[in-house]
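See structure below.
Quick note on labels: first sequence line is chain A, next is B, and so on, each numbered from 1.
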There are 2 protein chains.
Amino acid sequence: MATTIKDIARVAGVSPSTVSRILSNKQTLYSGYATETITRVKQIAEDLNYRKNRSAIELVTKTSQVLGIILSATPTNFAQEIISGIQKEASLHHMDTIIAYAGEDDDALQLQALKTISERSVKGILLLGITLSPTNEHFLRSADIPYIFLSVAQSEPDLHFIASNDFDIGYQATQYLINHGHHDIAFVGANLESCVGHLRLDGYRQALKEHHITYHDDYVIGGNWLYVDGVHAVNILQTQVNLTAILAGSDLVAAGVMNRARQLNRVIPSDLSVMGIDGTLLCDVIYPQLTSIKQSFYEMGVQGTKQIIEKTHIESAYTSISIKDGASVTTH
Amino acid sequence: MATTIKDIARVAGVSPSTVSRILSNKQTLYSGYATETITRVKQIAEDLNYRKNRSAIELVTKTSQVLGIILSATPTNFAQEIISGIQKEASLHHMDTIIAYAGEDDDALQLQALKTISERSVKGILLLGITLSPTNEHFLRSADIPYIFLSVAQSEPDLHFIASNDFDIGYQATQYLINHGHHDIAFVGANLESCVGHLRLDGYRQALKEHHITYHDDYVIGGNWLYVDGVHAVNILQTQVNLTAILAGSDLVAAGVMNRARQLNRVIPSDLSVMGIDGTLLCDVIYPQLTSIKQSFYEMGVQGTKQIIEKTHIESAYTSISIKDGASVTTH
DNA sequence: TTGTACGCGTTATCAT
DNA sequence: ATGATAACGCGTACAA
C-alpha cells in the first residue's frame, strides 16, 4: 500500500490539506507555514517513502505537465535530433514527454497512437514526420488539444507546422551544383509521391529553368529516401555518360550513391559530385565527407515545443536551411 | 468542457455504470446488455465526442497499461533499435510507453527522470544504457515497481539486466582477428573507466593470452565510443609499424579509424584490418562495409518488455552476439 | 497559520 | 439487465 498525504498527515498530526500545500509548495499563497511544520512534514514524507500520485493530481487539476509526441514508425535518423530539441525545451519548462509510435501508412496504428496520447491530459501534441489520413485528421482536430506538425509541412492552412521549406531545399541544392559548373544533374531517391518529394523536385526544376538547363526526365529517379534507393539509382544512371552530379533525396541515399559509384570505379568527387539532403551526423562519418543541405532539426523540436507551451495561437514557421560543406562536390 | 460518462448516461437515459461497463466491454462478466442499449450508448459516445479519462481510470484501478523507459541522454545509435523492440512487444500487449531522458553523469537529472516515471502508475521501468548512482539506485528500489536494465550489465546481483556479455564481445572479436592471421592488434575507443569497456578489454586480453600473444600496453587507447576517438587513436598508433589490425570499441569508432587511416594513405583492409562492435546500420553504409560484432539490440527490447509484462520474477539474461561480415578485415 | 468539505471521472460492489 | 453508492488520492474554496 503506497503512502498518501493522509498517512503523512496522520503521522505529522496535521491535516491532509496542510501536507498537500507544503508538498506542492503552495504556502506562498498564504502567509506561510511554520518552518518547523514544513521541515517536519517533508521529513515524514521522505521517511514514509511518499510518491505523488500523478493520476490523482491530473484528475483534480485537469491539466498536466506532459507533452505528447507522435512518431512515424520509420526509423528516420533525424527524428532523434528533433526529439532532443523537444526534450531540451520541455525540461526547461519542467515538462515530461510521452512518446507513441504510429505507422506511416497504417491508419489504424495512427489512430491508436492518437488515442493513446489524447486520452491523457497532455498539454499539447507534437507530430513528427507524419501526415494524417482525413479521418485521423478529424479525430485530432476534435480532441481539443493544441497540436503542431514537425518536419513535414501540411497543405491545409489550419494544420500548423514547423518544417523546412522543401522547395527551397531542392532549389538551393541544385543552384549550388550549378554554381559549381554542373549541368547534367540527377535527382534521386526522393519519394515523389510525397508532398516533400514533390516540392523538392519543383525546386530542382525551377533552378534548372532559371539557368536555362533543359529538364531531363531520365535524370529523376524516385525512391523512398533509403540507402538502397541510392544504389538502385546509380545502377540505372550508368548509361548516362554526360552526368557529372547527383542530388540525393537524403544523406542516406547519398551514401548509397557514393558506395555504388565507387564499386563501378567512379571516383568521388572527381568523376561524380554527390550532394545530400538533411545534414545529419552521417555526413561526417562517411568518406569522402558529404556536402549536404542541412536542416535545423533540433530547432524544429525547440520551436514546436515553445509554440505549444508559450503560445495561445499556434502558427506555422519554416526553420532555416544551410549548406554543409563536405568533400563530395567539386567544380566541373 | 469534455464529455464524461455521466453526460452520455444522461442523454442515453441510463446510469453511468451502464455506460462504463459498455464502453470498457465488461458486459461479459454479467449476462450482457441488450444489443439495442449497447449500440445506442456507443453511438451517443461517438456523437458527443467522448474521450476516456486515463487519469480517472488509473486512479481507481491503481494500474495502467504504461511502460516507463528511461534513456541515457547520449544519442547512442542503437537506442533506437532497443526502443523498436520494446514498442513492438508492448503494442502486442496493448501497452503504451512513456520515455524520460536522464543525463549520464548528472545524478539530479537521473533522479528527475526516475521521479517522472515512478510517479505515474507504470507497470514497469526499462532503463536503457544507464548506470545509476547509489542514491538513485536506492530510490528505484524503494519505488516498488518492477524494473530491468537494458544493454548495460549490472554488477549488483539484484539489479537485473538484459545485455550482451561484454567479455565475450572482446574475446570473440579478438579471436576472429587472430584467426585471420593477425598478431599485432590494437583495441581503441572504448571507455575504459566503464564496466562495459573494462570487460571488453578483459576479453581482448584473454584471447591474446590463449594464443600466446604478448599483451602490449601501447596497443590499447581509450576513448568514449565516439568517431573522434577512432581518429585520435589512429593518430597515436601511426608509429606502430607492426600493427595490422584494429578492434574498435564501437562501429562509430571504427568509422573514425577507417577514415583517418585512409587520410594517411593506408588502404583498408589490405594495409589495415578494422573491426567494429555493435553491428548497427552504419556497418552497411560506410565503405568498405564494416565487419563487426553484432549485438541483439532489438531482442534486448523485446526480452526486457516480456520480462516486465509476463514475469513475476525478473531475471538477468544475455542476448546473443554474432559476427557480422563486412569487407574491412582480411587475412594477414 | 491550519482545518473541513467537496469534487474531479471512473470502476467495483452490492443491490434490484 | 441495470442502478445506486462508495472509493481512488489529491487540490482548493471556504471556514476558523
What about A:R21: does its side chain form a donor-acceptor pair under 3.5 Å with the base of C:dG3?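 A donor-acceptor contact between them is present.
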Side chain of [X] - closest among [options]:
X: B:V60; options: C:dT11, C:dG3, C:dG7; value: C:dT11
X: B:A56; options: D:dC10, D:dC14, C:dG9; value: C:dG9
X: B:K62; options: C:dG9, D:dG9, C:dT2; value: D:dG9
X: A:I57; options: D:dG11, D:dT2, C:dT11; value: D:dG11
X: A:L59; options: C:dT10, D:dG3, D:dG9; value: D:dG9
X: B:T18; options: C:dT2, D:dG9, D:dG3; value: D:dG3

Checking all strands, does [X] fall into the base, sugar-phosphate, or nothing category for heavy-atom contacts under 4.0 angstrom?
X: B:S20; result: base
X: A:K6; result: nothing
X: B:S55; result: nothing

Quick one: are A:L127 and A:I125 in side-chain contact, heavy atoms under 4.5 Å?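 Heavy-atom side-chain distance check passes, below 4.5 Å.
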Should B:T18 and B:S15 count as side-chain neighbours, where that means a heavy-atom distance under 4.5 Å?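 B:T18 vs B:S15: side chains touch.
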Nearest whole angstrom, please: distance from the [atom2] of [N] to the [atom1] of [X].
X: B:E58; N: C:dT11; atom1: CD; atom2: C1'; value: 13 Å
X: B:I22; N: D:dG3; atom1: CD1; atom2: C1'; value: 13 Å
X: B:K52; N: C:dT11; atom1: NZ; atom2: P; value: 7 Å
X: B:I5; N: D:dA4; atom1: CD1; atom2: C1'; value: 15 Å
X: A:Q65; N: D:dG11; atom1: CD; atom2: P; value: 13 Å
X: A:L23; N: C:dT2; atom1: CG; atom2: P; value: 15 Å
X: B:R120; N: D:dG9; atom1: CZ; atom2: P; value: 17 Å

Gap between atom CE of A:M95 and atom OG1 of A:T305 - 0.5 Å precision: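 If we round to the nearest 0.5 Å, A:T305:OG1 and A:M95:CE are 9.0 Å apart.
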Rounded at 0.5 Å granularity, tell me how far CD in B:E81 sits from OH in B:Y298.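 If I round to the nearest 0.5 Å, the distance is 10.5 Å.
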Salt-bridged, B:D96 to A:R120, with N to O below 4.0 Å?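 Yes, charged N to carboxylate O under 4.0 Å.
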Between B:S17 and B:N53, which is nearer to the 5' end of DNA chain C once each is assigned its nearest nucleotide?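 Nearest nucleotide further toward 5': that of B:N53.
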Side-chain N or O of A:S15 less than 4.0 angstrom from OP1 or OP2 on C:dG3?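 Result: yes.
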